[in-house]
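Note sheet for the following structure.
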Amino acid sequence: LNQSVAGIKGVGPKKSEILKSLGIETVEDLLTYYPFRYDDIQEKMLDEIQDQEKVVLKGTVLAEPVVNYYGYKKSRMVFRMLTEQAVINVTFFNQPFLKSKINANEDVAIYGKWDGRRKALTGMKILATQEEEVDFSPIYHVNKQIRQKTLVDLIRQVWEMYGEELEETLPGWLLEKYRLMPRGKAAYAMHFPEKIEENRLAKRRLAFEEFFIFQLKMIQLKHQETAKELGKGIKYDVKALKAFIQTLPFELTPAQKRVVNEICGDLRSDKHMHRLLQGDVGSGKTIVAAIALFAVVSEGYQGALMVPTEILAEQHMESLTEVFSKVGVSVGLLTSSTKTAERRRILAELASGELQVIVGTHSLIQEEVVFHDLGLVIIDEQHRFGVNQRRLLREKGNHADVLFMTATPIPRTLAITAYGEMDVSVIDELPAGRIPIETRWILPKQVDSVLTWLNGQLKNGQQVYVICPLIEESEMLDVKNATEIYEHLKQFFEPNFKVALLHGKMKSQEKDDIMTAFKENQTQILVSTTVIEVGVNVPNATTMMIMDADRFGLAQLHQLRGRVGRGSLASYCILVANPKSDQGKERMKIMTETTDGFVLSQKDLEMRGPGDFFGAKQSGLPEFKVGDIVADEAILETARIEATELLDDPTWMEKAENQSLVKALKEKLEETEYFDYSVCDRIKDKFNEKRETRENSSRCHGWR
Ligand code: ADP
Ligand code: MG
């Protein structure tokens with residue numbers, strides 16, 4: 001099975017190159033190169049067929065087809081066909097030669113795509129009416145250099161010679177426990193399906209195997225990571241910590257208490273902490289960070305909190321100063337705009353240990369920044385930093401513990417796969433008493449009436465964000481759109497209220513000034529491209545209007561929306577959009593129905609699938625050949641539990657029954673020389689970047 005495919009009869013150097021481009025190098029690769037879907041060649045009743053579904057329809061041709069030519073080498077062949085239920089139109093594009101095969105009064109079976117709205121079929125293939133006993137045929141991923149049929153024939157040929165040799169990878173007890181089909185039988189049922197049920201069971205088994213071995217690998221890597229560097233075992237003063245929590249102006253939510261316990265457990269233990277804290281916007285991660293910082297400080301260590309922007313650093317500085325001043329913990333702020341004298345003082349105090357907690361931007365990882373004894377590193381909005389930047393900060397301490405924080409909700413299934421190697425804590429509830437943000441979806445033509453309503457809000461002393469659409473293709477267009485909207489709003493609201501414009505092309509000092517003016521209510525309306533996405537806190541801004549909202553992903557809309565609803569006043573989010581597709585409409589509707597980030601990201605995942613969700617292939621998501629992390633969530637979960645339990649047994653590798661598994665796992669581990677943490681970043685970046693494909697023109701059509 002390990003021999004190269006180049007050794008197979010009929011596979012020359014050229015073909016083996018082509019196979020290699022599909023990831024097939026050995027005989028075993030070929031035997032386990034499974035179809036990614038099956039075309040269902042079953043007949044269906046017309047009303048059972050979904051729009052755009054691929055189906056086979058049988059019927060009688062009513063009249064000779066008519067062929068129309070248009071454009072360059074383009075043609076359309078249309079004929080009417082009487083099925084059992086109705087007369088439908090069938091169209092074939094650019095295949096005029098098929099005309100000879102379609103004759104009036106003859107029976108045909110056409111495989112094609114159903115257009116539910118027009119009640120018509122776009123033909124893809126003419127099937128002979130007699131043959132086609134098999135219900136569905138496997139479809140493999142191929143590329144331009146190799147055809148389906150060539151690959152199918154090759155697999156059949158190789159199967160006949162080597163199929164029997166495919167070895168079992170899973171131990172007998174697992175096969176029995178979950179009634180899993182043996183590996184060889186499953187592979188056969190994938191390539192040469194005879195019965196639907198058998199094919200289903202084959203997929204189930206292979207998906208389990210993939211998920212199971214993948215998770216064994218992830219857990220194994222995690223063990224290596226945490227064992228490699230021992231943590232400090234910070235035996236902080238529990239009483240002092242409890243007293244500190246008592247001084248907070250509010251009671252922690254149960255979810256906050258839970259994650260504080262998890263984090264403190266890590267600090268106390270000798271293991272190195274490598275934990276991700278996930279919590280929706282406004283769920284109160286900052287205070288959790290403060291508690292962790294207090295714990296390490298109480299034991300004489302220092303703590304650092306790194307954030308991606310200056311505005312955010314200042315905000316964190318403010319909140320930490322507030323909670324720490326009462327208990328005598330010193331906090332400093334270091335950013336690129338820290339003045340020289342102040343900077344010199346801070347660096348000296350960090351080196352001497354006098355300064356206990358430092359908040360800052362990238363400035364923290366500069367070489368001159370030296371700590372006396374750094375015990376805990378917290379990185380907020382971690383995906384904004386590169387792997388190296390995070391590593392640099394961590395290395396400023398001697399085995400410092402690390403806590404990553406993020407507000408990007410990632411569906412559970414993705415978290416399992418993407419963060420398998422990190423411990424994850426989730427804050428899954430918001431502090432009580434928040435007034436839920438009311439979200440409305442309006443059409444562009446309704447904007448003017450909303451402006452009148454906004455005027456009322458402004459008169460009540462509140463402030464407004466107006467978010468402009470993102471245009472992927474060009475940052476210049478972004479700015480142009482934002483500027484147009486800004487001008488329009490100025491005309492409408494000034495001089496009664498002041499309007500400001502903020503966009504990504506501005507210098508960071510300029511941005512900061514504009515933000516500060518907004519925070520201080522010197523301006524009342526802030527028109528912005530998405531630069532405000534991360535963490536700004538202006539409780540008096542209670543309304544957000546998002547232009548061309550359908551251009552944003554659900555997760556991103558959710559992040560943006562989280563900027564309002566920060567005070568005790570009722571808050572509103574107005575989505576301005578005129579989506580063309582049903583899915584686009586559905587997405588706007590979901591936004592108005594829930595404010596739960598996890599529900600939204602799960603919906604996004606379900607609607608778009610994991611590939612599209614992160615933007616296919618290069619997403620860095622582990623690739624599963626058979627398993628589907630959305631549809632097979634239950635299998636993923638079961639496999640995770642089994643993998644964890646198995647590895648809890650220190651002798652599992654020695655047991656005879658597990659030897660085949662040990663072998664399979666070793667092969668997998670060899671493929672991974674070291675685990676690339678940037679996988680997680682790539683996933684999250686994709687998550688943030690991914691927007692619906694642009695159907696419309698790239699110009700904003702929010703007005704007029
Ligand atoms: P995020 O998780 O988005 O960083 P923050 O830490 O900024 O959220 O918290 C949002 C707001 O909620 C802050 O004003 C904070 O003081 C407040 N807050 C945090 N925890 C609680 C709590 N348990 N009860 C009430 N308010 C809280
Ligand atoms: Mg935050």
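Whatever order the structure lists ligands and atoms in, that order sets their numbers, starting from 1.
Gln463 places a side-chain N or O within donor-acceptor distance of the main-chain N or O of Phe518, the cut-off being under 3.5 Å. With Ser283 contributing its side chain and Ile427 its backbone, the two residues share no donor-acceptor pair below 3.5 Å. Using a distance-only test at 3.5 Å, with no hydrogens or angles considered, no donor-acceptor pair links the side chain of Asn460 to the main chain of Gln462.
Here Asp280 has backbone heavy atoms under 4.0 Å from ligand 1, and that is the only part of it that gets that close. Neither the backbone nor the side chain of Met405 comes within contact range of ligand 1; no heavy atom lies under 4.0 Å. Contacts between Thr253 and ligand 1, counted as non-hydrogen atom pairs separated by less than 4.0 Å, involve both the backbone and the side chain.
Annotation for ligand 1: atoms under 4.0 Å from non-hydrogen atoms of Glu251 are 22 (C), 23 (N), 24 (N). Proximity to Thr286 (heavy-atom distance under 4.0 Å) selects the following atoms of ligand 1: 4 (O), 5 (P), 6 (O), 7 (O). Of all atoms in ligand 1, numbered sequentially from 1 with element shown, those under 4.0 Å from a heavy atom of Leu252 are 23 (N).
Counting heavy atoms from C-beta on, the side chains of Lys339 and Arg343 never come closer than 4.5 Å.
At a threshold of 4.0 Å, the pair Lys511-Glu310 does not count as salt-bridged, since none of the basic side-chain nitrogens sits closer than that to a carboxylate oxygen.
Between His274 and Phe404, the two ring planes are perpendicular [angle over 60°; tilted spans 30° to 60°].
Summarising the contacts of atom 1 (P) of ligand 1 with Lys257, Gln278, Gln315, Lys285, the nearest heavy atom is found in Lys285. Selection from Pro431, Ala432, Gly284 by nearest heavy atom to atom 27 (C) of ligand 1 gives Pro431.
Judged by the shortest distance from any of its heavy atoms, Ser283 lies inside the 4.0 Å radius around the atoms of ligand 1.
Ring pair Tyr236/Phe294: centre-to-centre distance not below 6.0 Å.
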